[in-house]
Amino acid sequence: MRTLEKKLNEKLTEIFENLNLDTDAAYVKRSDRPDLSDFQCNGALALAKTMKCPPRQIAESILQKLQNDPDIESVSVDGPGFLNIKLKNDFISKTLNEMACDENLGCEKVESPKKIVMDFGGPNVAKALHVGHLRSAVIGESLRRIMCFLGHNVISDVHFGDWGTPMGMILSQILEEDGDFSKVDTYNIDDISAIYKRANARCKEDEKSAEKARLITSELQNGNAEYQKAWKRLREVSVEAVKENYDELSAHFDLWLGESDAHPVCQQVVDIAQKEGLSEVDDGATIIRLPQANKPMPPVILVKSDGGFGYQLTDIATIKMRYDDLKADQIIYVVDKRQSLHFEQVFQVAEMLKLAPNTILKHVGFGTVNGADGKPFKTRDGGVMNLKDLISLSKEKVRLSMPKPGEVEGYGEPEIEKLIFEVAMAAIKFQDLKSNVGSGYIFDLEDFAKFEGKTGPYIQYAVARINSILRKAALNGIEDGEIIIHADDERSLALKIADFENTVIRAAEIYEPSIIADYVYNLAQIFSSFYNTCPILSEPDHALLVSRLRLARLTRDVLKCSLYLLGIEAPEKMLKSN
RNA sequence: GUACCCGUAGCUCAACCGGAUAGAGUAUUGGCCUCCGACGCCAAAGGUUGCGAGUUCGAACCUCGCCGGGUACGCCA
């Protein structure tokens, strides 16, 4: 089906063609002046300059063609040349009735689906997930769902950090403490994590230890069997632990590859660079110098002077793999924006070496979670906060407002726990997704358990209220029917619902889940107003009753779908303690 | 030092290829539960979009200069 906006754009495109106007300008958007119109077209203003023609005159000519359209209530030219379009109620309700029957809620799949590889998560061996990993997982998962929903073929890869110096540090530390690797099989994630912390501390203050760690790293990478065996075990345990974390966040990964998997390809990349004459040896390291455009671009170190592969090489080799093995049309990295220079370099090298021709490489850089001091968030003891702890803290806050198990019929302990979890996660995720990806935020625990205002639970609450109405209707055997637009609040709700597809497309275009977060919040808000002024089940006019019931149901479906795209659950009921 | 990002209501943030009267949340003040779930709704108040020029019919958005903040800059990943 086609949504209101698409239908209008088609009408305009035809008119622009007839008038010999550039159809690039033949598009509408929701009006900035709801008092004047439902949609506006600024095309005349955009064209005036190149056509050397007064914008109002162009707008008038479009108006002539548009005003007799049976779907349009009125058109006017206002201000310098805005085309204000008001739609017939029938046109809106007809489109909404189509939407109510469409399983995709009016969202058409893209014509040519792309193979998109998404790289997010980026956990490390021996490190539990902390708040720094939260954003990558939450934003990445949301974008993954958005791209899938639009019909793309998405493959997500967690891209495990399993191959750098930290590996050598841990192995070295185990040797130091145990003498050999005989106890490795007994270590769980907490043990490994503790070992890493000790290793890190030791290497920081003692250059000799650091050197030894580097040595072991390169031996590991060169295939030392003993090291490999121990490393494999460490990796396994870490993957298990991290999987639990990602399950909790409901982040889905198709692939659990890591840096180590790119290792065999690294040498190939080095060879290609050499053959193309693009690499050179400098201070014992093999590097590629990048063209200095309008800003300084540091060279990329492929092979370090000690013979080890640099981490940038790993990422470059991974691009080659994703092109060769997965046939990626696009690769999206959801990684802290402080790494943007790194990705610029890596992308440039990939292009110079033609490793993935025609593949779009995109770094979606997100801002950091900061403490009250504006610096990246740390706990009181100077460490980073565990993701698990964060979730527990949020759950405890939510728990305070929930009834105890057994107080509400049908809600025993498992049901209450599930509800607490879903509400807490909604609070955390919405907080993370509501503002632009690029801007960071100040960490405040209160924000992660807030119910009121622009929050996840507020939207869940709107869904729960609609569910409640739908249950009552079903109980009384009332079915919904044709949507008819009657009151003003119905009209604005309907127009907002119709804007769903456009919202998803825009969010995908600029990789910005906050566009959906903003939309879903507005929709919930508009519904709440409607709910307040338009009685549904107590409406005496039966036609109006069933219409509003369908409108409510459709709202609920769009809310739920939007929440899904943000990775947020919508519980059937919300409960509250007295 | 060089490059990039940011500066919008007291606070946290929006603003859809440059558009009309710059919007939300929060905090403050007032109103609304005999009525489908008040985690709600309605309303008031809150602004020289850091400063100064320029381009444009039109600038929070584009250009330049200043001020203030952040981040990153070859052998950690």
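As the structure is a prediction and not an experimental result, all values here were calculated from the model.
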Tell me whether [X] is salt-bridged to [Y], with the criterion being a basic N under 4.0 Å from an acidic carboxylate O.
{"X": "A/E396", "Y": "A/R399", "answer": "yes"}
{"X": "A/K560", "Y": "A/E569", "answer": "no"}
{"X": "A/E572", "Y": "A/R471", "answer": "yes"}
{"X": "A/D447", "Y": "A/K450", "answer": "yes"}

Taken in chain and number order and not counting sequence neighbours, the residues that satisfy salt bridge (charged side-chain N to carboxylate O under 4.0 Å, His left out) with A/K337 are none
Given the [atom1] atoms of [N] and [M], what is the spacing between them in whole Å?
{"N": "B/C61", "M": "B/G18", "atom1": "C1'", "result": "7 Å"}
{"N": "B/C62", "M": "B/U71", "atom1": "C1'", "result": "24 Å"}
{"N": "B/C36", "M": "B/A27", "atom1": "C1'", "result": "32 Å"}
{"N": "B/C67", "M": "B/U28", "atom1": "P", "result": "39 Å"}
{"N": "B/G50", "M": "B/A22", "atom1": "P", "result": "15 Å"}

Near-ring test A/Y461/A/Y458, centroid separation under 6.0 angstrom: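 No, the ring of A/Y458 stays outside the 6.0 Å limit from the ring of A/Y461, centre to centre.
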Is the centre of the A/Y311 ring less than 6.0 Å from the centre of the A/H342 ring? yes
Rounded to whole Å, please give me the gap between [atom1] in [X] and [atom2] in [N].
{"X": "A/W163", "N": "B/C76", "atom1": "CH2", "atom2": "C1'", "result": "17 Å"}
{"X": "A/D32", "N": "B/U21", "atom1": "CG", "atom2": "C1'", "result": "11 Å"}
{"X": "A/E344", "N": "B/C4", "atom1": "CD", "atom2": "P", "result": "10 Å"}
{"X": "A/D518", "N": "B/U12", "atom1": "CG", "atom2": "P", "result": "19 Å"}

Answer with yes or no whether the side chains of A/E512 and A/S514 bring together a donor and an acceptor at under 3.5 Å. yes
Return the stems involving RNA chain B, sorted by first number, where pairs are Watson-Crick (N1-N3 with N6-O4 or O6-N4) or G-U wobble (N1-O2 and O6-N3), both under 3.5 Å, and runs are 3 or more long. B:1-7 with B:67-73, B:10-13 with B:23-26, B:28-32 with B:40-44, B:50-54 with B:62-66
Side chain to side chain contact (heavy atoms under 4.5 Å, CB included) partner of A/V138, the single match among A/D432, A/I428, A/V334, A/L566: A/D432
Which nucleotide in [options] has an atom nearest any side-chain atom of [X]:
{"X": "A/P80", "options": "B/C75, B/G19, B/A24", "value": "B/G19"}
{"X": "A/Y441", "options": "B/C13, B/C76, B/C42", "value": "B/C13"}
{"X": "A/N502", "options": "B/G19, B/G74, B/C16", "value": "B/C16"}
{"X": "A/E259", "options": "B/A77, B/A14, B/C41", "value": "B/A77"}
{"X": "A/N436", "options": "B/A15, B/G40, B/G18", "value": "B/A15"}
{"X": "A/Y458", "options": "B/C41, B/A20, B/C75", "value": "B/C41"}
{"X": "A/L36", "options": "B/A20, B/G40, B/G19", "value": "B/A20"}
{"X": "A/T165", "options": "B/C76, B/G74, B/A24", "value": "B/C76"}
{"X": "A/Q525", "options": "B/A14, B/A77, B/G25", "value": "B/G25"}

With a 4.0 Å cut-off on heavy atoms, is [X] in touch with a base, just the backbone sugar-phosphate, or nothing at all?
{"X": "A/D444", "result": "nothing"}
{"X": "A/D282", "result": "base"}
{"X": "A/K49", "result": "base"}
{"X": "A/K304", "result": "base"}
{"X": "A/N84", "result": "base"}

Pull up the glycosidic torsion of B/C33 and say syn or anti, syn being anything within 90° of 0. syn
Summary of protein contacts for nucleotides 27-37 of chain B, nucleotide by nucleotide, where a base hit scores B, a sugar-phosphate-only hit scores S (4.0 Å, heavy atoms): ---------BB
For the student: nearest non-hydrogen atoms of A/D282 and A/R289, plus distance: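 Looking at all heavy atoms of both residues, the closest pair is OD1-NH2, 3.3 Å.
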Among all residues two or more places apart in sequence or in another chain, which pass the ring-ring contact (aromatic ring centres under 6.0 Å, His included) test with A/F443?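 A/F443: ring-ring contact (aromatic ring centres under 6.0 Å, His included) contacts with A/F377, A/F448.
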ring-ring contact (aromatic ring centres under 6.0 Å, His included) involving A/H130 - partner list, sequence neighbours excluded: A/H133
In A/F120, A/F343, A/F366, the residue satisfying ring pair (Phe, Tyr, Trp, His ring centres under 6.0 Å) with A/Y333 is A/F343
Every protein N/O lying under 3.5 Å from an N/O of nucleotides 70-73 of chain B:
none

Given RNA chain B, 5'-ward residue of the pair A/A48 and A/S529, judged by closest heavy atom: A/S529
